[in-house]
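Notes to accompany the following structure.
Atoms within each ligand, like the ligands themselves, are counted from 1 in listed order.
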Amino acid sequence: MLYRIHTYDNPESTARAVAELIAAMAVEKSGQNQFLHIAVSGGSTPKLLFSLLAEEYEHTVPWQNVKLFWVDERCVSPTHAESNYGMTYDAMLRRPMIPAENVFRMKGEDFPVDEAARYEKVLREQLPAQNAYPVFDLILLGMGDDGHTASIFPDQMHLLDVEQAVAVAVHPQSGQKRISLTGNIIRNAQKVAFLITGKGKAEVLKQIISKDDVAAKYPASQVWASSGIADFYLDNQAAALL
Ligand code: 6PG
């Protein structure tokens with residue numbers, strides 16, 4: 001795989017770079033009278049991006065041409081403080097930017113195994129397919145301090161290669177169940193972009209980008225776009241050891 005590193009001074013300018021990427025992709029798709037199919041991650045890092053999109057891109061992006069999906073979701077209700085959908089709603093979706101029918105949340109409140117199967121069915125209905133998997137135009141990933149991405153944790157590396165496109169994962173510390181895209185659908189995307197900020201990620205990121213021997217144990221080192229390229233959008237703190 002090939003890593004493309006994009007580094008910025010701070011989390012705000014890093015989020016803005018990703019906002020500009022999404023805007024450009026949405027405009028291109030709109031010009032082709034097509035939808036932009038994008039899957040977003042949760043956690044704390046993308047909050048800045050979603051707020052920026054809501055505050056500064058509401059009227060400059062053809063949101064009617066965007067279909068929004070999730071990379072993963074905690075198995076909680078959408079109003080729970082830990083809900084990825086809930087975070088995205090509070091930061092962005094509370095504004096009528098994207099038509100409700102184009103927002104496809106993972107239903108964390110439902111039985112995990114059933115929801116994983118339902119969501120995979122939704123993806124197969126909504127997205128074009130290639131290599132037997134649905135194709136996202138853009139998958140936006142984060143990375144945990146332990147090198148996990150999506151909800152694929154270092155102790156569940158099998159989720160990188162299972163046949164399902166959507167599976168049930170378990171947070172190794174809390175035991176919280178998660179619904180998550182798996183390695184095969186992530187690696188089938190047109191573009192995979194990591195948005196990673198903060199000094200807490202710097203060491204693991206160094207090991208991944210320099211392809212250290214230990215890097216293979218990190219799920220974030222095992223996913224890239226179908227082109228073999230993974231784009232990393234980093235602030236200076238996360239990139240400090242590169
Ligand atoms: C989640 C995310 C997860 C996240 C990383 C980084 O549900 O938590 O999808 O993969 O991207 O844990 O989280 P932070 O942005 O909070 O560091």
Side-chain angles (χ1 to χ4, degrees), residues 8 10-12 14-15 17-19 38-53 68-93 104-109 112 115-116 119 136 138-157 159-160 165-183 185-187 189 192-205 208 217-224 230-235 237-240:
Y8 303 87
N10 51 52
E12 291 73 19
T14 310
V18 176
I38 176 173
V40 296
S41 288
S44 59
T45 304
K47 275 182 199 168
L48 213 49
L49 166 65
F50 299 146
S51 301
L52 185 64
L53 287 171
L68 184 66
F69 302 83
W70 271 261
V71 168
D72 62 342
E73 183 56 277
R74 290 80 179 274
C75 290
V76 295
S77 79
T79 54
H80 190 284
E82 294 185 18
S83 167
N84 286 339
Y85 168 81
M87 179 272 284
T88 312
Y89 180 85
D90 291 344
M92 179 172 73
L93 296 177
F104 300 86
R105 76 177 179 90
M106 290 173 170
K107 296 181 179 176
E109 69 275 25
E115 176 53 15
Y119 204 76
F136 280 102
L138 172 63
I139 294 182
L140 188 59
L141 296 174
M143 186 189 76
D145 295 353
D146 62 354
H148 83 260
T149 192
S151 282
I152 305 175
F153 294 94
D155 66 343
Q156 293 158 69
M157 297 292 274
L159 294 178
L160 289 164
V166 185
V168 178
V170 181
H171 191 285
Q173 278 79 45
S174 68
Q176 182 187 64
K177 290 199 174 166
R178 306 277 189 91
I179 310 294
S180 181
L181 298 187
T182 60
I185 190 172
I186 294 172
R187 289 191 291 257
V192 167
F194 284 90
L195 171 57
I196 303 172
T197 61
K199 60 179 180 298
K201 313 288 176 75
E203 178 55 41
V204 170
L205 207 49
I208 290 174
K217 72 180 182 183
Y218 301 124
S221 73
Q222 302 300 309
V223 289
W224 41 82
D231 286 283
F232 284 77
Y233 288 80
L234 312 172
D235 73 341
Q237 285 197 356

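When each atom of ligand 1 is checked for a heavy atom of N84 under 4.0 Å away, the hits are 1 (C), 7 (O). The contact set between ligand 1 and G144, taken as ligand atoms under 4.0 Å from a residue heavy atom, comprises 5 (C), 6 (C).
The protein heavy atom nearest to atom 15 (O) of ligand 1 is T45 OG1, 2.6 Å. Of the protein's non-hydrogen atoms, G43 CA, 4.0 Å is the one closest to atom 13 (O) of ligand 1. If you check which protein heavy atom lies closest to atom 4 (C) of ligand 1, you get G42 O, 3.9 Å. The shortest contact between atom 5 (C) of ligand 1 and any protein heavy atom is with H148 NE2, 3.5 Å.
Of the listed options A150, G142, S41, A150 places a heavy atom closest to atom 10 (O) of ligand 1. Looking at M143, M87, K201, it is K201 that brings a heavy atom closest to atom 17 (O) of ligand 1. Taking only non-hydrogen atoms, the option from R74, E82, H171 nearest to atom 8 (O) of ligand 1 is R74.
S77 places no side-chain N or O within 3.5 Å of a backbone atom of E109 that could act as its donor or acceptor partner.
Counting only heavy atoms from C-beta outward, the side chains of I185 and V166 never approach each other to under 4.5 Å.
Scanning both residues, R105 and Y85, for their nearest heavy atoms gives CB-CD1, 3.5 Å.
Heavy atoms of V71 come nearer than 4.0 angstrom to ligand 1 in no pair at all.
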Problem set entry | Trace of the side-chain hydrogen bond (donor to acceptor under 3.5 Å, both in side chains) decision for S151 with D72 | CA-CA 6 Å; S151 282; D72 62 342; 2.7 Å; yes
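If you look at D72 next to ligand 1, the close heavy atoms, those under 4.0 Å, all belong to the side chain.
A side-chain hydrogen bond (donor to acceptor under 3.5 Å, both in side chains) with Q176 holds for exactly one of E82, R74, H171; it is E82.
In this structure, F194 has its ring center no closer than 6.0 Å to that of Y233.
The distance from the OG1 atom of T182 to the CG atom of L159 is 7.5 Å, given to the nearest 0.5 Å. Annotation: the span from S41 atom OG to M143 atom CE amounts to 12.0 Å, rounded to 0.5 Å.
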